[in-house]
Enquirer: 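Right, I'll just put the structure down here and ask away after.
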2 protein chains.
Amino acid sequence: MHSSAEENYLKAIYKLQEANGEMVATSALAQVLGIHMASVTDMLKKMSTKKLVAYQKSKGFKLTEKGRLAAIGIIRKHRLWEVFLVDKLGFRWDEVHEIAEQLEHIHSQDLIDKLDAYLDFPKTDPHGDPIPDAKGIFAISKSVLLASLTPGSQGKFTGVTDHSSAFLNYLDKIGLSLGDTIKVKEVEEFDKNYTLLLKGKKSVVVSFKVANSLLISE
Amino acid sequence: MHSSAEENYLKAIYKLQEANGEMVATSALAQVLGIHMASVTDMLKKMSTKKLVAYQKSKGFKLTEKGRLAAIGIIRKHRLWEVFLVDKLGFRWDEVHEIAEQLEHIHSQDLIDKLDAYLDFPKTDPHGDPIPDAKGIFAISKSVLLASLTPGSQGKFTGVTDHSSAFLNYLDKIGLSLGDTIKVKEVEEFDKNYTLLLKGKKSVVVSFKVANSLLISE
DNA sequence: AAGAAAAATTAGGCGAGCCTAATATTATAG
DNA sequence: CTATAATATTAGGCTCGCCTAATTTTTCTT
């Protein structure tokens, strides 16, 4: 069994690899984990010995297949717990991250299998992130950033890349929810503001920063 | 916030105080926690500084009010999670202890309040142990050990003092469930075996060891 | 290609929570 | 009341996961 610290490293490395390609740098990991580089070097040597990461001195590192499966397992647990917290316990989508960060480290395969069944095998978490199945397979749903769409095109809002409470609350405030259909009405060249048309014909103007944090499918 | 190790000490001390009166010995705690006495001495000095226990060198120790409330909070979480695991996820009553041992260390008051409400404010866990409310108050239910009853008397089976999987499975096997009415038909002087009459007129013979682990109310 | 800047590693330390071994204290038996 | 047994404490060590400071390696700038 892996320690919570190791699991946090695995998850962070997995996400960095997803975002930035193959090799991950010591500094990048130190930054996202909020710890010092020397600590990362320390830990990676240990995780390398355990064959969780392939580590090349001064060249960065990447997950081994063993490490990748472990990372996906943790992500699966995190997202399933988030679904539980929102769907069953009535938390808001901006409240669940921290609690799920703790729950994801509970060790019991049986527990997670039963939780999955209890939640009726959800495919995405409350933020639209895909939940891998028990075999570690993600139901593929190719989505693009709203910021990559051109005026006139539309799609369904299916996820966010910013999970901060501040951002999620902002979405609630402007009345944007997962599953809504969004049409890009206009992109202002000058300041890159996006004018969007929501389902109820409602029109909202959002910044590039926001448009770049919304995932659109279909 | 307390560490998991501290929480385990608090819980163990609370239980020892419940069972054996006021002062708890270093050796007793070392035994139930499965660690060495020297480690207990170490930890208790720290917890004493934090005012969680009142510690008298070589005389034993007891929880302060602060420590008592913390301990009850952990027991509350443990038992609520056990209810969740059995009632919602479908675990058997002999499977939940270990998982609840992990879940009890999740830190979120909001979570436990919402879980309590979701479970409809249960008064007891799957083993019949009382669940303290949010204020730390136990709904009193004076129960006695079946082994203290005389032939002819009867009552309702409301709890166990042995939580081992082996014992709980045995109860399942002989068809004894929480809430059943039990009548003591006979107590064999020679070997202290108890002959019990269960609801469906079924009669079973159990050892003193078993009779001494069953809690009877009413 | 050299010097500066950035990134990574090494060396030495620290607190938590455990350990063993040695010592001290308290309780018990004769 | 003393000897022994049981209990408890101290002293010193260990691993984990982090730290700072110093040093080395790599990358960028010019």
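Below, chains carry the letters A, B, ... as their sequence lines are ordered, and counting in each starts from 1.
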Enquirer: As a test of reading the structure: which of C:dA7, C:dT10, C:dT20 is closest to the side chain of B:His36, going by heavy atoms?
Expert: C:dT20
Enquirer: Hey, mind stepping through A:Glu104 and A:Glu82 against side-chain contact (heavy atoms from CB on, under 4.5 Å) and telling me if it holds?
Expert: CA-CA 10 Å; A:Glu104 73 189 7; A:Glu82 285 201 345; over 6 Å; no
Enquirer: Of the nucleotides D:dC16, D:dC18, D:dT10, which has the atom closest to the A:Lys46 side chain?
Expert: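 The listed nucleotide nearest to A:Lys46's side chain is D:dC16.
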Enquirer: Could you give the CG-to-C1' distance, from A:Leu33 to D:dC16, as a whole number of Å?
Expert: 16 Å
Enquirer: Out of C:dC19, D:dG17, C:dA11, which has the shortest distance to the side chain of A:Ala5?
Expert: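 Ranking C:dC19, D:dG17, C:dA11 by closest atom to the A:Ala5 side chain puts D:dG17 first.
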Enquirer: Between atom CD in A:Gln31 and atom P in C:dA8, what is the gap in whole Å?
Expert: 12 Å
Enquirer: Check the distance between C:dA16's P and B:Glu7's CD and give it to me in whole angstrom.
Expert: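 So the CD-P distance, B:Glu7 to C:dA16, works out to 16 Å.
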Enquirer: Would you kindly give the CG-to-C1' distance between B:Asn8 and C:dC18, to the nearest whole Å?
Expert: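 About 14 Å, once rounded to whole Å.
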Enquirer: Using a cut-off of less than 4.0 Å, is there contact between a side-chain N or O of A:Tyr9 and OP1 or OP2 of D:dC16?
Expert: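 For A:Tyr9, the contact criterion (side-chain N or O under 4.0 Å from OP1 or OP2 of D:dC16) is not met.
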Enquirer: I need the CG-C1' distance between B:Leu44 and C:dA16, as an integer number of Å.
Expert: 15 Å
Enquirer: Atom NE2 of A:His105 to atom P of D:dG17: distance rounded to whole Å?
Expert: 12 Å
Enquirer: Shortest non-hydrogen contact from B:Glu101 to B:His78?
Expert: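 Between these two residues, the closest heavy atoms are OE2-CE1, 3.4 Å.
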Enquirer: Taking only the side-chain nitrogens and oxygens of B:Lys45, find out if one of them lies under 4.0 Å from OP1 or OP2 of D:dT9.
Expert: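 For D:dT9, neither OP1 nor OP2 has a side-chain N or O of B:Lys45 closer than 4.0 Å.
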Enquirer: So, is B:Ser3 close to the C:dG17 phosphate, meaning a side-chain N or O under 4.0 Å from OP1 or OP2?
Expert: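 B:Ser3 to C:dG17 OP1/OP2: side-chain N or O found under 4.0 Å.
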Enquirer: Considering heavy-atom distances to DNA chain C, does A:Met37 or B:Glu6 have its closest nucleotide positioned more toward the 5' end?
Expert: A:Met37
Enquirer: Please round to 10 degrees the angle between the axis of the first five pairs and the axis of the last five pairs in the helix from C:dA1-D:dT30 to C:dG30-D:dC1.
Expert: 0°
Enquirer: With a distance cut-off below 6.0 Å to the six-membered ring centre and an angular limit of 45° from the axis, does A:Lys45 pair with A:Tyr55 as a cation-pi contact?
Expert: no
Enquirer: Got A:Val53 and A:Ile13 here, is their nearest side-chain heavy-atom distance under 4.5 Å?
Expert: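 Yes, side chains in contact.
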Enquirer: Indicate whether OP1 or OP2 belonging to C:dG17 is found under 4.0 Å from a side-chain N or O atom of B:Ser39.
Expert: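 False: B:Ser39 side-chain N/O out of range (4.0 Å or more) of C:dG17 OP1/OP2.
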Enquirer: At their closest point, which heavy atom of B:Val83 faces which heavy atom of B:Asp125, and how far apart are they?
Expert: CG2-CA, 3.7 Å
Enquirer: Assess whether one donor atom and one acceptor atom, taken from the side chain of A:Asp42 and the base of D:dC16, lie less than 3.5 Å apart.
Expert: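 Answer is no: no donor-acceptor pair is held.
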Enquirer: Would you kindly say whether B:Asp110 and B:Ser108 are connected by a side-chain donor-acceptor distance under 3.5 Å?
Expert: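 No, because no side-chain N or O of B:Asp110 sits under 3.5 Å from a partner of the opposite role on B:Ser108.
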Enquirer: Counting any heavy atom closer than 4.0 Å, what does A:Ala38 reach on the DNA or RNA strands: base, sugar-phosphate only, or nothing?
Expert: base
Enquirer: Could you state the CE-C1' distance from A:Met23 to C:dA7, rounded to the nearest angstrom?
Expert: 15 Å
Enquirer: What integer distance in Å separates A:Met47:CE from D:dT15:P?
Expert: 20 Å
Enquirer: Which nucleotide in the set C:dA8, D:dT20, D:dC18 lies at the smallest distance from any side-chain heavy atom of A:Ser27?
Expert: C:dA8
Enquirer: So, does A:Tyr55 get its side chain near the phosphate of C:dA8, meaning an N or O under 4.0 Å from OP1 or OP2?
Expert: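 Negative; the distance criterion is not met.
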Enquirer: Which part of the nucleic acid, if any, lies within reach of B:Thr26 when heavy atoms closer than 4.0 Å are counted: base, sugar-phosphate only, or nothing?
Expert: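 Counting heavy atoms under 4.0 Å across all strands, the contact made by B:Thr26 is with sugar-phosphate only.
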Enquirer: Do A:His97 and A:His127 have their ring centres less than 6.0 Å from each other?
Expert: no
Enquirer: Taking the side chain as every heavy atom from C-beta outward, state whether B:Phe167 and B:Leu171 have any pair of such atoms under 4.5 Å apart.
Expert: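 B:Phe167 vs B:Leu171: side chains touch.
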Enquirer: Heavy atoms only, 4.0 Å cut-off, all strands: where does A:Phe61 land among base, sugar-phosphate and nothing?
Expert: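 The residue A:Phe61 makes no contact with any strand.
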Enquirer: Just compare C:dC19, C:dT9, D:dC18 and give me whichever is closest to any side-chain atom of A:Thr41.
Expert: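 Of the options given, the side chain of A:Thr41 lies nearest C:dT9.
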Enquirer: Do the non-hydrogen side-chain atoms of A:Tyr170 and A:Val206 ever get within less than 4.5 Å of each other?
Expert: yes
Enquirer: Go through D:dT20, C:dG17, D:dG17 for me and flag the one nearest to the A:Met43 side chain.
Expert: D:dG17
